[in-house]
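Everything on this sheet refers to the single structure shown next.
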Protein chains: 2
Amino acid sequence: MDRRQVKTRKAVFEAFVGLLEEKGYPDITVQDIIDRADIGRSTFYSHFEVKEDLLNVLCEEIFAHAFSKHPAKEVTHDFSERDGFKDELTHILYHMRDSRDYIRSILSSESGDVFMRYFKDHLREVFGRCRPAVPDGVPGDYAMEHSVCWFAETVRWWMDNEGYSPEEVMGLFCRYCQLQRP
Amino acid sequence: MDRRQVKTRKAVFEAFVGLLEEKGYPDITVQDIIDRADIGRSTFYSHFEVKEDLLNVLCEEIFAHAFSKHPAKEVTHDFSERDGFKDELTHILYHMRDSRDYIRSILSSESGDVFMRYFKDHLREVFGRCRPAVPDGVPGDYAMEHSVCWFAETVRWWMDNEGYSPEEVMGLFCRYCQLQRP
DNA sequence: TTAATAATGAACACTATGTTCAGTATCTTA
DNA sequence: TAAGATACTGAACATAGTGTTCATTATTAA
């Protein structure tokens, strides 16, 4: 990729994140971004179609990173399976903690909805592999939504309640959600 | 209130709800509303500051209605307390079911976030009175968020999964959330 | 060195917003 | 039912942001 493009993209994202920290997403205009990134108007539009693209790309980036697997902790089978998933989720929490500043500003406005949607989509994939306990008579997708939504909401709660370690948060989450089958 | 004002407000809300059913909230412009309600531009602005006002008022209306207490089922004390809350929640579900069409279109776009926020705010008040079971070592507000978020998400799930009665949904919810203290 | 590619910025058309105001219609109440 | 208050109308206007175009300049990769 051309250095110039890389430089431009970087400037845009830095401007965007900076703006996110000082005003809500809906109040940010393309003009703001252009001014702050100090690039030409046409340059912006040659990189992105609309403002929403930025948010999407940013979310994709955050989650691609947070949900990346570290080979050392690959799931094998049987007993270790539950701990494998627990580790995977804890790993995600570590990433979330490190991006707390970004995430808080994203969550504090309309853009939070987009963020949560991405988050849940990724979580569905993870919990789809994990398949937590489903009580009798409960529709599978409803049970799935419980795990997914509650994990996402747990993170949202955590972002506003500092002072808990990822492991502690994981412990809290597990009080409401059994990760192994009955 | 002047009949003319009532008529105008009604026309605006009917237009707004109609538009909500055929396009997403962010795509609706003030112009659309004016055209559909068939009122003058300046009339709209003498009633509302911005488009967001409409959504807020609409949500307030939906929830004021859904959370209104019916005197017959007032909570008394002790044993009946749990059932009282259960009835209250089921009552809310009935209202939600009746407004399903509105609610689905609100939920299907950015406006869903606003809706969910109002919903949760009202639910916090209800669950604040109910005080569901809090497991040892779990922060009170975290436990509260579980009840609140999960009830709201249950409704969101239900809106897209027809075929369950309010009582059945309440039953599902209770599989994940104890309404009485341990 | 050079051909390809990217960035610039000014100009432009367009869409939606929100305000103003003089004129008209409709209400209330005396 | 007449009079004064209040609400609606619609056209005109200023403003702001969007997204496009294009000739020019700068940077890059080979």
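Reminder, nothing fancy here: chain letters follow the sequence lines and each chain counts from 1. Model, not experiment: these values are computed from the prediction.
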(message) Tell me the interatomic distance from A:Gln31, atom CD, to D:dG19, atom P, rounded to whole angstroms.
(response) 12 Å
(request) Could you tell me whether the side chain of A:Thr29 has a donor or acceptor atom within less than 3.5 Å of a complementary atom in the base of D:dG17? (result) no
(request) Would you kindly give the CD1-to-P distance between B:Ile28 and C:dA16, to the nearest whole Å? (result) 13 Å
(message) Under a 3.5 Å threshold, yes or no: a donor from one side chain and an acceptor from the other, between B:Tyr94 and B:Glu167?
(response) yes
(request) Would you kindly give the NZ-to-P distance between B:Lys7 and C:dC27, to the nearest whole Å? (result) 7 Å
(message) Whether B:Thr8 contacts D:dC8 is assessed here as follows: a side-chain N or O lying under 4.0 Å from the phosphate OP1 or OP2. Is that the case?
(response) yes
(message) Side chain of B:Gln5 only, heavy atoms from C-beta on: which candidate in D:dA7, D:dT20, C:dC27 is closest?
(response) D:dA7
(message) Using whole Å, what does the distance between atom C1' of nucleotide C:dA25 and atom CZ of B:Arg3 come to?
(response) 14 Å
(message) Assess the residue pair A:Trp150 and B:Tyr176 against the criterion (side-chain contact (heavy atoms from CB on, under 4.5 Å)); give the C-alpha distance rounded to whole Å, side-chain angles, the decisive distance to 0.1 Å, and a yes or no.
(response) CA-CA 11 Å; A:Trp150 186 233; B:Tyr176 288 98; over 6 Å; no
(message) In whole Å, I'd like the distance from the CZ atom of B:Phe44 to the P atom of C:dT20.
(response) 17 Å
(message) Closest-nucleotide mapping onto DNA chain C: is A:Ile39 or B:Asp32 further toward the 5' terminus? I mean the 5' end.
(response) A:Ile39
(message) Side chains of B:Thr29 and B:Asp32: any donor to acceptor distance under 3.5 Å?
(response) yes
(message) Can you tell me whether the side chain of A:Arg4 and the base of D:dT28 have a donor-acceptor pair closer than 3.5 Å?
(response) no
(request) State plainly whether the residues A:Arg129 and A:Glu88 are in salt-bridge range, i.e. N to O under 4.0 Å. (result) yes
(request) Tell me which of B:Ser42 and B:Asp2 sits closer to the 5' end of DNA chain D, going by the nucleotide each one is nearest to. (result) B:Asp2
(request) Classify the side-chain pair A:Ser105/A:Tyr25 by whether it contains a donor and acceptor separated by less than 3.5 Å. (result) no
(request) Send over the distance from A:Tyr45 OH to C:dG9 C1', rounded to a whole Å. (result) 15 Å
(message) Nearest whole Å is fine: how far is D:dC13 P from B:Arg41 CZ?
(response) 15 Å
(message) What is the separation between atom CG on B:Asp38 and atom P on D:dA7, rounded to the nearest whole Å?
(response) 20 Å
(request) Could you check B:Val30 against A:Thr43 and say which one's nearest nucleotide on DNA chain C is further toward the 5' end? (result) A:Thr43
